[in-house]
Amino acid sequence: MFLDSKSKIAGYPALQIRDFLRRGWYRQNFVEYASEELKCSQSEATRILDDLVGLGYIEYVTSHFGDRCWESTVAGNALANASASRPVLRKTAERQLQTLLTRVHEVNDNEELAYRVVKVIVFGSYLSKAERLNDLDLAIALAPRLENSVAQEGLQRNRIKNALDGGRRFLNFLEECAWPMNEVMARLKSRSRTISLHSIEDGERAALLHNSHAGGQCVLCR
């Protein structure tokens, strides 16, 4: 997804809203958090959040503890991953796709990593006939490396410990728990500005990637 850096969303710079969605999906005290991040009053933050709900970028949900909170929708996830970089040539995107598939095999062969890649689906502007693309949108499905749940939990703890020993710090417990999966996604993206990675599990599977003929093309299916 391409994001015009000069555009606005809910009355605020689009890049600021994008960065807010990138960092704040797990927050329950979302009005207070939005107020702090967007540097506005809580009443203004409430208006912005209501606008984002109306635009379909976030939705209100109830947590396991019965608290009212919010989370990103499929559209919100796409916005959070949007790039303001210039469009790329198709041949560049094709080269990036092949390079990513090489990294997929490297990840799957690395038994130290807690997750492996079982599906890669390309969608978005790549499936058009355009020679210039906004970016390379890919939906990734991960699966636990080990079938034994106890052994898998041990492998995940080892990946977290390895990250902490290497100096990585997590904002909260949820981010720490998500690291074994996020580590794999980071390796796949490899800081590429062309590639925009999405999780199939976040709702895109039902929204636009139900099968290879409904908005996406499977380039790796296992």
Is it the case that the side chain of [X] and the backbone of [Y] share a donor-acceptor pair, with hydrogens and angles ignored and the cut-off at 3.5 Å?
X	Y	answer
T73	G56	yes
T102	Q98	yes
S196	D137	no
R103	L188	yes
T99	R95	yes

For residues 116-131, which side-chain donor-acceptor pairs fall under 3.5 Å, sequence neighbours excluded?
from : atom 1 : to   : atom 2 : distance (Å)
S128 : OG     : S125 : O      : 2.6
S128 : OG     : A130 : N      : 3.3

Contact between [X] and [Y] at the side-chain level, heavy atoms closer than 4.5 Å - yes or no?
X	Y	value
Q16	L38	yes
Y57	S72	no
L133	L89	no
R18	L15	yes
L52	I9	yes

How close do [X] and [Y] get, heavy atom to heavy atom, and via which atoms?
X	Y	answer
A10	D51	CB-CB, 3.8 Å
A34	L49	CB-CD1, 4.2 Å
S35	S41	OG-C, 3.7 Å
I160	W179	CA-CD1, 4.1 Å
L155	A114	CD2-CA, 3.6 Å

Mind checking the [atom1]-[atom2] spacing from [X] to [Y]? Nearest 0.5 Å is all I need.
X	Y	atom1	atom2	answer
E37	L21	CD	CG	10.5 Å
N182	K189	CG	NZ	13.0 Å
Q42	E32	CD	CD	6.0 Å

Worked verdict on L97 versus L138 for side chain to side chain contact (heavy atoms under 4.5 Å, CB included): CA-CA 9 Å; L97 177 58; L138 297 166; 3.9 Å; yes
Criterion salt bridge (charged side-chain N to carboxylate O under 4.0 Å, His left out) on R47 and E44, from CA distance to verdict: CA-CA 5 Å; R47 181 199 66 77; E44 175 68 0; 2.8 Å; yes
Quick one about Q152 and Q156 (side-chain donor to acceptor, distance below 3.5 Å, no hydrogens or angles considered), yes or no? yes
Does the side chain to side chain contact (heavy atoms under 4.5 Å, CB included) test come out yes or no for I17 and I48, once each step is laid out? CA-CA 10 Å; I17 296 295; I48 294 170; 4.2 Å; yes
Determine, stepwise, if the pair L113 / R145 fulfils side chain to side chain contact (heavy atoms under 4.5 Å, CB included). CA-CA 8 Å; L113 297 175; R145 183 169 296 275; 4.1 Å; yes
With a 6.0 Å cut-off on the ring centroids, do F20 and Y12 count as close?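 Ring centroids of F20 and Y12 are no less than 6.0 Å from each other.
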Hydrophobic clusters here meaning ILVMFWY residues chained together by side-chain heavy-atom distances under 4.5 Å, can you tell me if V184 and L146 are in one?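 No, it is not one cluster - the side chains of V184 and L146 are not joined through contacts under 4.5 Å.
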With side chain to side chain contact (heavy atoms under 4.5 Å, CB included) as the criterion, how do V88 and D135 come out once you've worked through the C-alpha distance, each side chain's angles and the decisive distance to 0.1 Å? CA-CA 7 Å; V88 298; D135 51 17; 5.9 Å; no
By side-chain hydrogen bond (donor to acceptor under 3.5 Å, both in side chains) - contacts of S192 (at least two apart): Q96
Contacts under 3.5 angstrom, residues 162-170 side chains, donor-acceptor by atom type, not counting sequence neighbours:
from : atom 1 : to   : atom 2 : distance (Å)
D165 : OD2    : K161 : NZ     : 2.8
R169 : NH1    : L164 : O      : 3.3

Quick test of your reading of the model: are R159 and E183 salt-bridged, counting only N-O distances below 4.0 Å?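 Counted as a salt bridge, because a side-chain N and a carboxylate O are separated by less than 4.0 Å.
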